[in-house]
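Read the structure below first, then the notes.
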Amino acid sequence: PIVQFQDMKTGIKCDISPCSISMGRLNTKYVKFCVTFDHRVRSLIMIVKCFAKRHHISGSGLGDHLNSYSIVLLVIAFLQSQEILHPLSVLQAAPGLTEVLVNDHNFSFCSDTSSLPPLHPNTLNTTQLLHGFFNYYGQFDFHSNAVSLFYGKTVSKESLFLQQHLLVVQDPFELSRNVTAAVSSRRLLHLVSSCQAASTLLRLMLTEAREEELGHMFGLLFQPRFLEFSALYEPGLLQLGATGQGRETGRVKPAGRPG
């Protein structure tokens with residue numbers, strides 16, 4: 001059954017189904033499981049969500065943007081690729097698991113970590129994982145491939161029968177549903193270019209920045225003109241070593257907000 005509502009002031013209509021409420025609750029349960037599985041998951045999700053909202057990659061309501069849920073799925077899928085989280089197919093293959101069927105979709109998963117196979121140790125910190133996230137999606141072949149949390153790996157759009165969409169992030173439980181079906185080519189290009197720029201900035205931060213520059217460089221990720229951060233990078237500054245000998249290097253200007 002579907003219950004229809006209409007706001008008296010705005011005239012906006014809304015259809016609510018008990019099934020959709022139930023599926024939303026079960027999706028939330030799965031996300032909460034992922035967040036509590038590893039202490040780095042929550043921090044990475046919060047940072048990426050803030051980054052995506054700040055740079056208009058994600059938003060709420062109708063539009064060609066990603067929503068908050070799809071951003072969370074992108075993070076979980078990346079962490080699956082790093083063997084920090086299990087693919088959903090593995091969680092559903094645990095022995096003795098009872099199926100939870102809603103609209104013929106299986107929403108069950110094993111939350112007993114003692115019943116799950118061991119994962120390969122991953123000791124990267126949150127900043128290193130953030131760099132890995134941006135690098136992963138900055139190079140992802142969105143034209144041919146889809147993001148699948150069920151399989152925990154890159155799969156072809158064609159294999160999911162979703163090749164008609166520009167960006168495919170497969171719902172982990174409703175396997176025929178693409179949660180990013182509304183994303184436009186412009187928004188997808190913005191996502192990729194933002195990931196590429198963020199990956200470059202974090203690589204510089206992790207490999208070349210002095211300790212006193214780290215906070216400033218990280219803060220650049222959230223500046224309004226973030227994609228122009230390369231204008232802050234000066235390739236010709238002279239850095240003095242401990243011996244007093246100079247060497248030419250590229251450094252980030254220790255300025256405040258970008259102009």
Side-chain angles (χ1 to χ4, degrees), residues 27-28 30-55 57-58 65-91 109 116-157 159-160 162 165-173 175 178-180 183 187-203 205-206 218 221-222 226:
N27 278 325
T28 300
Y30 170 64
V31 171
K32 286 184 176 179
F33 167 76
C34 294
V35 166
T36 57
F37 187 85
D38 187 284
H39 70 279
R40 297 166 291 184
V41 179
R42 181 187 299 274
S43 298
L44 192 61
I45 287 176
M46 290 179 65
I47 295 170
V48 174
K49 285 178 68 174
C50 182
F51 175 87
K53 184 176 181 180
R54 180 67 170 171
H55 298 299
I57 296 168
S58 64
H65 48 256
L66 287 80
N67 58 29
S68 179
Y69 179 56
S70 59
I71 295 295
V72 172
L73 295 186
L74 286 175
V75 175
I76 292 174
F78 164 70
L79 293 174
Q80 289 175 337
S81 75
Q82 303 299 298
E83 297 190 48
I84 292 175
L85 294 174
H86 293 89
L88 182 59
S89 58
V90 173
L91 300 182
F109 64 90
L116 299 175
L119 292 164
H120 190 272
N122 184 308
T123 59
L124 296 178
N125 62 37
T126 302
T127 304
Q128 292 168 325
L129 288 173
L130 183 63
H131 172 248
F133 171 88
F134 287 129
N135 186 62
Y136 183 77
Y137 288 112
Q139 300 184 44
F140 195 90
D141 181 8
F142 289 107
H143 176 73
S144 302
N145 296 327
V147 176
S148 174
L149 282 74
F150 181 80
Y151 297 106
K153 61 181 181 181
T154 301
V155 297
S156 70
K157 291 181 181 180
S159 68
L160 302 178
L162 293 170
H165 298 296
L166 291 170
L167 171 60
V168 177
V169 179
Q170 183 188 38
D171 187 276
F173 300 102
L175 302 183
N178 175 23
V179 301
T180 53
V183 172
R187 193 76 62 169
L188 176 57
L189 179 62
H190 181 51
L191 166 66
V192 172
S193 61
S194 297
C195 285
Q196 290 173 347
S199 174
T200 300
L201 178 59
L202 285 169
R203 177 178 56 79
M205 175 181 162
L206 290 168
F218 189 80
L221 285 173
F222 307 97
F226 156 74

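- When atom types are taken as modelled, the side chain of Lys49 and the backbone of Ile71 share no donor-acceptor pair closer than 3.5 angstrom.
- Using a 4.5 Å heavy-atom threshold, the side chains of Leu88 and Leu91 count as touching.
- Formation of a donor-acceptor pair under 3.5 Å by the His55 side chain with backbone atoms of Leu221 is found in this model.
- Judged by distance alone, with hydrogens and angles left aside, the side-chain atoms of Tyr136 form no donor-acceptor pair with the main-chain N or O of Ser81 at under 3.5 Å.
- Residues Leu119 and Ile84 are not in side-chain contact: their nearest non-hydrogen atoms beyond the backbone lie 4.5 Å or more apart.
- Under the 4.5 Å side-chain criterion, counting only non-hydrogen atoms from C-beta, Leu66 is not in contact with Val169.
- The backbone N or O of Gln196 sits nowhere less than 3.5 Å from a side-chain atom of Ser199 that would complete a donor-acceptor pair.
- Side chain of Lys157 to main chain of Leu166: a donor-acceptor pair is present (N/O by atom type, distance under 3.5 Å, no hydrogens or angles).
- Residue Phe150 places its CZ atom among more than 12 non-hydrogen atoms of other residues, nucleotides or ligands, all under 6.0 Å distant.
- Between the side chain of Gln80 and the main chain of His86, a donor-acceptor pair closer than 3.5 Å is present.
- Looking only at distances, no side-chain donor or acceptor of Ser43 sits under 3.5 Å from a matching main-chain atom of Arg40.
- Ring planes of Phe109 and Phe33: tilted class, angle from 30 to 60°.
- Side-chain atoms of Leu44 and Phe78, non-hydrogen and from C-beta on, do get closer than 4.5 Å to each other.
- A donor-acceptor pair under 3.5 Å is absent between the side-chain atoms of His131 and the main chain of Met205, judged by distance alone.
- Between Phe142 and Val183, every side-chain heavy-atom pair lies at or beyond the 4.5 Å cut-off.
- Here Asn145 pairs with Phe140, Asp141, Thr154, Ser156 under the side chain to side chain contact (heavy atoms under 4.5 Å, CB included) rule; sequence neighbours left out.
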